[in-house]
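To keep things clear, I will list the structure first and then write my remarks on it.
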Amino acid sequence: MVKALIFAGGTGQRMNSRSKPKQFLEMHGKPIIIYTIEHFEYHSEVDEIVVVCIKEWIDELNGFLKRYGITKVSLVIEGGDTGHDSISLGLKAMEKNTKSDDIILIHDGVRPLITEELISKNIAMAKEYGNAITSEPVRESVVRSVDAKIIDDVPPRSEMYVAKAPQTFKYKDIVELYELAHSNGHRSIDSAHLCAMYNVQTYLVQSTRNNIKITEPADYYIFRALYEAIEGQQIFGL
């Protein structure tokens with residue numbers, strides 16, 4: 001089976017939104033988290049969706065799932081203190097109904113501009129090689145600095161990518177990695193970072209453009225503009 005694990009447990013402090021977490025901010029009356037979930041809901045290869053959510057917003061999310069006809073979400077659970085913790089909790093919650101070789105797409109709840117094609121490429125890569133990390137080539141030079149004062153290295157731009165999402169794995173491989181991190185007291189930025197911490201070979205799937213994560217206020221307005229441009233292309237054939 002193919003399953004999506006969508007983590008939306010963050011409070012979105014950088015959004016400066018006092019009323020709602022960032023994943024529940026609305027665009028055209030629909031929450032960002034629903035735009036994200038719909039990509040997996042409508043994908044023919046995805047069988048099931050598990051969502052990790054802020055405890056206080058679980059009832060609200062369940063209401064939205066019903067309102068927008070989302071049928072593949074089998075479980076909504078409470079998130080942890082960090083993204084790492086939320087993913088770990090989600091993987092653990094999937095244990096009873098998930099086989100070791102099931103494909104798990106791990107995705108940010110606030111990354112709503114992915115495509116059907118990108119999900120398909122992740123699934124295909126993970127089936128063949130065991131994992132897939134959505135990545136985008138950098139467009140500017142990257143510098144490395146240990147102390148934030150002196151530049152220690154400027155890697156070749158042609159070799160540099162930004163890790164994005166989905167990040168996709170066989171269930172047994174990724175759940176064991178998070179269990180290992182827990183036993184060692186380690187936390188990661190994301191699953192790709194966790195793989196690097198434990199020297200796990202990972203494979204790159206090139207991201208579609210505009211696969212942004214909505215973190216700050218400007219990101220919301222970029223999302224709105226991009227979404228409306230995409231809708232315009234579909235309607236008017238631009």
Exercise for the section: Go through K3 and N97 one step at a time and tell me if the side-chain contact (heavy atoms from CB on, under 4.5 Å) criterion holds. Expected result: CA-CA 11 Å; K3 303 184 180 185; N97 299 313; 4.2 Å; yes
- Query: Relative to the ring of Y220, is the ring of F223 parallel (under 30°), tilted (30 to 60°) or perpendicular (over 60°)?
  - Reply: perpendicular
Point to revise | Hydrophobic cluster membership, I33 vs Y68, 4.5 Å side-chain cutoff | key: yes
Query raised in the report: Do K22 and I32 come within less than 4.5 Å of each other through their side chains, counting heavy atoms only?
Result: no
In terms of heavy-atom contacts, G79 and L89 come closest through C-CD1, 3.8 Å
#### Entry: Side chains of K213 and D219 in contact at under 4.5 Å (non-hydrogen atoms)
no
Nearest heavy-atom contact between C195 and L177 is SG-CD2, 3.7 Å
Rounded to the nearest 0.5 Å, the OG1 atom of T98 sits from the NZ atom of K96 at a distance of 12.0 Å
Considering residues, nucleotides and ligands other than L180, do more than 12 of their heavy atoms fall under 6.0 Å from its CG?
yes
Would V162 and V154 show up in the same hydrophobic cluster when neighbours are defined by side-chain heavy atoms closer than 4.5 Å? no
Task: Donor-acceptor side-chain pairing of D85 and T82 below 3.5 angstrom - done: yes
Tracing side-chain contacts under 4.5 Å among Ile, Leu, Val, Met, Phe, Trp and Tyr outward from Y161 reaches L204
Are K121 and Q206 side-chain neighbours, meaning at least one heavy-atom pair lies under 4.5 Å? no
One should read off an interatomic distance between I214 CD1 and L25 CG, to the nearest 0.5 angstrom, of 8.0 Å
Correct closest heavy-atom pair for L194 and A181 would be CD1-CB, 3.7 Å
Worksheet item: Hey, mind stepping through L113 and Y35 against side-chain contact (heavy atoms from CB on, under 4.5 Å) and telling me if it holds?
Response: CA-CA 8 Å; L113 286 174; Y35 283 100; over 6 Å; no
With no hydrogens and no angle check, is any side-chain donor or acceptor of T134 less than 3.5 Å from a backbone partner on V205? no
Applying salt bridge (charged side-chain N to carboxylate O under 4.0 Å, His left out) to E95 and not counting sequence neighbours gives K92
Tell me whether D153 contacts the main-chain N or O of R144 through its side chain, where contact means a donor paired with an acceptor under 3.5 Å. no
Applying side chain to side chain contact (heavy atoms under 4.5 Å, CB included) to V76 and not counting sequence neighbours gives V51, C53, I58, L61, N62, L65, V73
| query | Does atom NZ of K170 have more than 12 heavy-atom neighbours, drawn from other residues, nucleotides or ligands, at distances under 6.0 Å? | reply | yes
Here the gap from L105 atom CG to I123 atom CD1, rounded to the nearest 0.5 Å, amounts to 5.0 Å
Here the side-chain hydrogen bond (donor to acceptor under 3.5 Å, both in side chains) pairs for residues 189-205, sequence neighbours left out, are Q167-D190, Y178-S191, N184-Y198, H186-Y198
Practice task
Evaluate the criterion side-chain contact (heavy atoms from CB on, under 4.5 Å) for residue pair I87 and V52; output intermediate values, then yes/no.
Solution key: CA-CA 8 Å; I87 293 171; V52 185; over 6 Å; no
Tell me if a side-chain donor or acceptor on N211 pairs with a main-chain N or O of R111 at a distance below 3.5 Å.
no
Between H107 and P166 the two heavy atoms that sit nearest each other are ND1-N, 3.4 Å
_Run Q23 and I54 through side-chain contact (heavy atoms from CB on, under 4.5 Å) and show every step you take._
CA-CA 10 Å; Q23 57 271 33; I54 301 169; 3.5 Å; yes
When every non-hydrogen atom of Y171 is compared with those of K99, the smallest separation belongs to CB-O, 3.5 Å
task: Side-chain contact test, heavy atoms from C-beta onward, threshold under 4.5 Å: evaluate it for P137 versus R157 and give yes or no.
output: no
When rounded to the nearest 0.5 Å, the distance separating CD1 of I106 from OG1 of T168 is 7.5 Å
message: If you define the side chain from C-beta out and look only at heavy atoms, does anything of T215 sit under 4.5 Å from V110?
response: no
Output for pair (N210 CG, L226 CG), nearest 0.5 Å, gives 4.5 Å
Hydrophobic clustering (ILVMFWY, side-chain heavy atoms < 4.5 Å, transitive) - are V142 and I189 grouped together? no
Sorted by chain and residue number, the ring pair (Phe, Tyr, Trp, His ring centres under 6.0 Å) partners of F64 (sequence neighbours excluded) come out as none
Please tabulate, one pair per line, all N/O donor-acceptor pairs under 3.5 Å involving side-chain atoms of residues 39-47, not counting sequence neighbours.
unit_1	atom_1	unit_2	atom_2	d
H39	ND1	I114	O	3.4
H39	NE2	P112	O	2.8
H39	NE2	I114	O	3.4
E41	OE1	T71	N	3.2
E41	OE1	K72	N	2.9
E41	OE2	T71	N	3.0
E41	OE2	T71	OG1	2.9
H43	ND1	E45	N	3.1
H43	NE2	E116	O	3.4
H43	NE2	S120	OG	2.8
D47	OD2	V2	N	2.9

- Query: Quick check: does any side chain N or O of S135 sit under 3.5 Å from a backbone N or O of I133, one acting as donor and the other as acceptor?
  - Reply: yes
When every non-hydrogen atom of A165 is compared with those of D108, the smallest separation belongs to CB-OD2, 3.7 Å
Value for CD1 (I6) from OG (S86), rounded to nearest 0.5 Å, stands at 13.0 Å
Margin query: Same cluster or not: L91 versus M1, using hydrophobic residues (I, L, V, M, F, W, Y) connected whenever any side-chain heavy atoms lie under 4.5 Å apart?
Written below: no
